[in-house]
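Remarks on the structure that follows.
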Protein chains: 2
Amino acid sequence: MVTIYDIARAAGVAKSTVANVLSGKGKVSEATRQRVLYYARELGYRPNLLARNLSQHRTFTVALILPTIANPFYPEIMEAIEHILRQRDYQTLFCNTHGDFALGRQQMERLMSRWVDGYIIMGSSMDIADIAHYFRQGVPIVLCDWQENESPSDIPQVTVDFFRAGQLAAEHLLALGHRRIAVIVDEPQQHLRLEGFRTTLRQAGLELPPDRIALGDSSLESGYAAARQLLSVGQELAPPTAIFATNDWMALGAMELVLDRGLRVPEDISIVGLDDIVVSAHLRPPLTTIAIPKTRLAQEATELLLAQIEAASREQGHELPLAGEGNDGAPQRQAETAPLRLVPPSLVVRQSTAAPVSS
Amino acid sequence: MVTIYDIARAAGVAKSTVANVLSGKGKVSEATRQRVLYYARELGYRPNLLARNLSQHRTFTVALILPTIANPFYPEIMEAIEHILRQRDYQTLFCNTHGDFALGRQQMERLMSRWVDGYIIMGSSMDIADIAHYFRQGVPIVLCDWQENESPSDIPQVTVDFFRAGQLAAEHLLALGHRRIAVIVDEPQQHLRLEGFRTTLRQAGLELPPDRIALGDSSLESGYAAARQLLSVGQELAPPTAIFATNDWMALGAMELVLDRGLRVPEDISIVGLDDIVVSAHLRPPLTTIAIPKTRLAQEATELLLAQIEAASREQGHELPLAGEGNDGAPQRQAETAPLRLVPPSLVVRQSTAAPVSS
DNA sequence: TTGAAAGCGCTAACAG
DNA sequence: CTGTTAGCGCTTTCAA
């Protein structure tokens, strides 16, 4: 392979001169500059990023950690993040924890070996305790689409106002006149969504009885199963006229079950989702949902992360912090400006919701 | 940060002894072994992979290049590949070319700087000429889900028998009794699927008139638009009773349009897709489709790639080939065993197809 | 303006 | 068994 040394020899200069030319730093006479450039091209020189990264302690790579890509929400946001990162000349290293905390830790541990400059951690793909552990050692991290609207351990975070999202869903269903309302939720991860929803119902004088809450695990299949459960209480409770699923993917499953039962959406049962994944708009009926501004989420997350990376590389004299002894050697982060950014969700009314036929 | 040197000093041994202990190679007395291990743990040692990679000329990272992740087919196969690669202790570097050859080349170029040990290139995310260029220089590459059943430039390839897939779709529709059949295809990329389809129709005495072929770009929206076009010929041709879309994503778009028109699927129009993405099974009606065995594709692709990587790292004395002068210095690859693996597609009958109502 | 030299952290021969 | 030494390719002082 061709190294700067090869170029140096060919051009009759020193290695460092070549380095200077290539990096644009330092003063080099135009003549030698051209000569070096000429040979670089001639020999087919290609910089060795490993070597460069080793000496610079930076990789210009960011890890994107997410719990799954089976739920289309993640690929969608992933696409957005990767796109932005690339514009800033960063590579994206994709890590799928498959919703397994142990696996998440293991992957993170591996990545910590100086592989990446920072981490965007999505959903609830990792144990917050593990994350905080790394963050405290100075590792640039940003939580994205985190499920709680508090910043645990001061880790910068950009997420959706999920409480508000729950409220929006409730308001919509109430406005349509629904009173028998059920929820499918991935507890405890999506607790806030449920709370927002519950709060608004309560303000309207409605309680959410346990039989009207079914648990899911965010997968489509679990939405299907949860809906079945909701429709088969039968005993004391009349069946719901509306279902709010705390994500679209489960909502699709719920809708599938409802249709399988021979019921109509929205005539017999209204369904509201949350996320606004692409397919939701293309179903029959198109899904009413609470939309999450994914691009915005992606933008703010990368912004927050790159800011940290820049800061770290400056502070530490171009040496990015790495998990080490983790003791007082590392400068403690000062509490910066509020590291929590909340983006607002919005209601998208489509055709899976309507007024209930009768009370 | 803690280096092996720190451990060596703490344990009172030499750097290389530490290296030996850590790598498990070489003979080390149990006593020193324990001592080294003790200090490694104590100091919170974490190997620096950059350094290791630099000296080993390997990164244990594979790039997965794909044209988009908007079409759910890609995330699905991506998940499979990442999973397998991780089991083999490789990281996956995800690259989205957004269907743009220029962008693909650019990304590839960057990756070539010794970032990754090999490439799995999917769909038609890159210009085959560019790929061949790298491959000739000895870069481990495998084409996956490539659209032509020939191995251009002898690049190892694992793909689906798309010609057969087209045949399966046609056979199914013919068996149901359809005669007015239309196709939505992403030409020329998916030419084989069309050809298989056309061939079978022809054997049944049916031609595919140009008005019954609509072009799409593999996106859902293009499927929608193509279906509109197919249904609005109106003039001379009677509308089709069945539509074959060369991928599920377009099929969903087509189905959406058909339903938007107030027509029923399958009563008025049958629809067949190709890919068998997860959502297809959960639509109303569930989509009949030609399934691609994604896991198998993923497995064979990684297998083929890792074989190349191993071979390369052995041959070149543990130095992985890199794009360099590209002249005769690099040993030309010998034509190995047929580098084309074809996996068979299969028909999955669901409810989007039925016999036409009348002729 | 250019060059020499000392790292970055790890691996790998080769001596002792 | 252990230590010494010489790299991997690039960056970065610091002299010349």
Side-chain angles (χ1 to χ4, degrees), chain A residues 1-36 40 43-60 112-115 117 313 316-324, chain B residues 1-36 40 43-60 112-115 117 313 316-324:
Chain A
M1 83 167 302
V2 183
T3 74
I4 52 169
Y5 183 63
D6 296 321
I7 300 179
R9 219 174 17 185
V13 297
K15 244 173 42 169
S16 51
T17 302
V18 176
N20 281 338
V21 171
L22 263 25
S23 68
K25 295 178 197 165
K27 300 280 169 203
V28 185
S29 75
E30 189 55 24
T32 43
R33 215 181 83 80
Q34 288 306 335
R35 200 144 38 89
V36 166
L43 298 174
Y45 171 74
R46 205 186 293 278
N48 181 330
L49 292 190
L50 285 177
R52 176 178 303 172
N53 294 338
L54 177 60
S55 75
Q56 288 194 153
H57 298 281
R58 291 192 68 170
T59 60
F60 288 93
M112 282 300 295
S113 303
R114 278 216 176 285
W115 258 110
D117 294 343
S313 90
Q316 311 246 339
H318 292 284
E319 159 145 6
L320 246 31
L322 171 80
Chain B
M1 82 168 300
V2 184
T3 73
I4 52 169
Y5 183 63
D6 296 320
I7 301 178
R9 218 173 17 184
V13 298
K15 242 173 43 167
S16 54
T17 302
V18 176
N20 281 338
V21 171
L22 262 27
S23 68
K25 296 178 195 164
K27 301 281 171 202
V28 184
S29 73
E30 188 55 24
T32 43
R33 215 181 82 82
Q34 288 306 334
R35 200 144 38 86
V36 166
L43 299 175
Y45 171 73
R46 205 186 291 279
N48 181 329
L49 292 189
L50 285 177
R52 176 178 302 173
N53 293 338
L54 177 60
S55 74
Q56 287 192 154
H57 297 279
R58 292 192 68 170
T59 60
F60 288 93
M112 283 300 294
S113 302
R114 277 218 177 287
W115 258 110
D117 293 344
S313 89
Q316 310 247 338
H318 292 283
E319 159 145 9
L320 245 32
L322 171 82

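Throughout, a chain's letter reflects where its sequence line sits, starting with A, and its residues are numbered from 1. These numbers were taken from a predicted model, which means no experiment stands behind them.
Between A:Thr17 and C:dG3, a side-chain N or O to OP1/OP2 separation shorter than 4.0 Å is present. At C:dT2, one or more side-chain N or O atoms of A:Thr32 fall inside 4.0 Å of OP1 or OP2 (strictly under the cut-off). Phosphate contact (OP1/OP2 of C:dA12, side-chain N/O of B:Lys25, threshold under 4.0 Å): present. Taking 4.0 angstrom as the limit, B:Tyr5 places none of its side-chain polar atoms (N or O) nearer than this to OP1 or OP2 of C:dG7.
Of the residues near DNA chain C, A:Lys15 and A:Ser29, the one whose nearest nucleotide (by heavy atom distance) lies more toward the 5' end is A:Ser29. Closest-nucleotide positions on DNA chain D for B:Lys27 and A:Ser23 were compared, and the one nearer the 5' end corresponds to B:Lys27.
Counting to the nearest Å, the C1' atom of D:dC8 and the CG atom of A:Leu49 are 14 Å from each other. Rounded to whole Å, atom P of C:dT1 lies 15 Å from atom CD of A:Gln34. When rounded to the nearest whole Å, the span between CE of B:Met112 and C1' of D:dG9 equals 16 Å. Atom CD1 of B:Ile4 and atom P of C:dA12 are 11 Å apart (whole Å). Going from atom CZ of A:Arg52 over to atom P of D:dC10 covers 8 Å, rounded to whole Å. Separating the CD atom of B:Gln56 from the C1' atom of D:dG9 is a distance of 16 Å, rounded to the nearest angstrom. Distance B:Ile7 CD1 to D:dG3 C1': 17 Å, rounded to the nearest Å. Whole-Å rounding puts the B:Asn53 CG to D:dG7 C1' distance at 16 Å.
Nearest to the side chain of B:Leu54, among C:dG3, D:dA6, D:dC8, sits D:dC8. Nearest nucleotide to the side chain of B:Asn20, out of C:dG3, C:dG9, D:dT2: D:dT2. Side-chain proximity of A:His57 to the nucleotides D:dC10, C:dG9, C:dT2 is greatest for C:dG9. Between D:dC10, D:dG3, D:dC8, one nucleotide has an atom nearer to the side chain of B:Ala14 than all others, and that is D:dG3.
Remark: side-chain polar atoms of A:Arg35 are paired, donor with acceptor, to backbone N or O of A:Ala11 under 3.5 angstrom. Side-chain atoms of B:Ser113 do not come within 3.5 Å of backbone N or O of A:Arg46 as any donor-acceptor pair.
Residues B:Asn53 and A:Leu54 have side chains not in contact (no heavy-atom distance under 4.5 Å, counting atoms from C-beta outward). You'll find the side chain of B:Asn48 stays beyond 4.5 Å of the side chain of B:Thr3, heavy atoms only.
You'll find a donor-acceptor pair under 3.5 Å spanning the side chain of B:Ser16 and the base of D:dT4, going by distance alone.
Closest heavy-atom contact between A:Ile4 and A:Tyr45: CG2-OH, 3.5 Å.
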